[in-house]
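Position 1 is the first residue of the sequence, and the numbers go up from there. Values in this document were obtained by computation on a predicted structure and should not be read as measured data.
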Amino acid sequence: MTKPVFQKEINKCAVVIVGGTSGVGLASALQFVQAGASRIALVGRNIDRGNAAIVALREIRSDIVAIFIAADANIPAEAERVAAVAHQELEGLDILVNTTAASYVPKLLFNTDINDIPVILNQQALAPLLMSRAVLPYMREQKFGVITNVASDAAKTPTPGETIIGAGMAAITLFSRTLAVEAKRDGIRVNAITPSLIDGTSVYDRVMEDPFSAKLFSNAAKLAHLGVADPEDLAAMIVFLSGPGAKRVTGQAISVNGGISAG
């Protein structure tokens, strides 16, 4: 029986980043390449943005194998296609990072259209669950893999306006922790990152344009005495969790929030 590998160096890993064409996903891709990754796939729905992201990666290292896969990872068949294409084109699949986010801003439940609730939950939570399931056969076969899902501190801290968003984030977080327990015997590690505010992202801009959510997050930002996190902060943690330094770390939900909350 094949024994688990436990850890590979970053420069020997094939990396797939869902939501990798902007924000935390793109920042992670850039840092993976800087850390030595030479095989990487970015997944998103916007082809122009995807192609631009690949150009940015090749500006760091011209000899990398870098591909963009246009897909909607909220659809089961698309998630499976992404995993299959990435595995074939990269000649392996070792690291999966899920950084997708919903387009909805915080809103009190009584102000939320009841028809929006399933849409918010699906957009928020489904892609990480589906993509994690889609890559499992490849990771189990090779007895190694690292999955990092980006959720939110809304999964940990009850916050007015984040009833539905928080439910989706909690789903991602507990899913990640439970999968970590299931998959550890196959050498697969699974963790979640739970930021609060992330400066310099489209989500940040969107919530700051809405009066209710802008007030909510402006108050939260005052508690970030270490500074509001940016995509590079999240990317650094993601790359660390994917590398040898975190080879014993699994099933964790790690907050990167500048001190807004602890937990």
Report all side-chain donor-acceptor pairs from residues 60-72 shorter than 3.5 Å, counting only partners two or more places apart or in another chain.
from: Arg61; atom 1: NE; to: Asp63; atom 2: OD1; distance (Å): 2.7
from: Arg61; atom 1: NH1; to: Gly36; atom 2: O; distance (Å): 3.2
from: Asp72; atom 1: OD1; to: Asn74; atom 2: N; distance (Å): 3.0
from: Asp72; atom 1: OD1; to: Asn74; atom 2: ND2; distance (Å): 3.3

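Here the side chains of Leu234 and Ser28 are not in contact, with every heavy-atom distance at 4.5 Å or above. Looking at Val135 and Val82, their side chains never come closer than 4.5 Å, going by heavy atoms from C-beta outward. You'll find the side chain of Leu90 reaches within 4.5 Å of the side chain of Val16, heavy atoms only. Residues Phe144 and Cys13 meet the side-chain proximity criterion, which asks for heavy atoms closer than 4.5 Å. Side-chain contact between Ile254 and Leu241 is present, with at least one heavy-atom pair separated by less than 4.5 Å. With contacts defined as side-chain heavy-atom distances shorter than 4.5 Å, the pair Leu136/Ile188 qualifies.
In this model, no donor atom of one side chain and acceptor atom of the other lie less than 3.5 Å apart for Thr250 and Lys184. Side-chain atoms of Lys156 and Thr194 form a donor-acceptor pair, as typed in the model, at a separation below 3.5 Å.
Summarising the geometry, atom CG belonging to Leu93 is positioned 8.0 Å from atom OH belonging to Tyr138; distances are rounded to the nearest 0.5 Å. One distance of note links OG1 of Thr148 with CD1 of Ile238; it measures 6.5 Å at 0.5 Å rounding.
When the shell of 6.0 Å around CD of Glu9 is examined, it contains 12 or fewer heavy atoms from other residues, nucleotides or ligands. Sparse packing is recorded around CZ of Arg133, with 12 or fewer heavy atoms of other residues, nucleotides or ligands lying under 6.0 Å away.
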Please step through side chain to side chain contact (heavy atoms under 4.5 Å, CB included) for the pair Ile10 and Ile95, ending with a clear verdict.
CA-CA 9 Å; Ile10 294 292; Ile95 296 170; 4.0 Å; yes
So Val55 and Asn51, side chain to side chain contact (heavy atoms under 4.5 Å, CB included) or not? Walk me through it.
CA-CA 6 Å; Val55 170; Asn51 291 333; 5.8 Å; no
Take Arg49 and Ser22, measure what side chain to side chain contact (heavy atoms under 4.5 Å, CB included) needs, and give me the verdict at the end.
CA-CA 8 Å; Arg49 198 162 62 191; Ser22 64; 4.0 Å; yes
Take Asn149 and Ser132 through the side chain to side chain contact (heavy atoms under 4.5 Å, CB included) test and state the conclusion after the steps.
CA-CA 9 Å; Asn149 295 318; Ser132 296; 3.8 Å; yes
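Residues Ala53 and Gly20 approach most closely at CB-O, 4.4 Å, considering heavy atoms.
The side chain to side chain contact (heavy atoms under 4.5 Å, CB included) test with Asn257 singles out one residue from Thr157, Asp153, Leu223, and that residue is Asp153. Among Arg189, Met131, Met139, the one residue that satisfies the side chain to side chain contact (heavy atoms under 4.5 Å, CB included) test with Ile147 is Met139.
Residues meeting the side-chain contact (heavy atoms from CB on, under 4.5 Å) test with Asn111, sequence neighbours left out: Lys107, Leu108.
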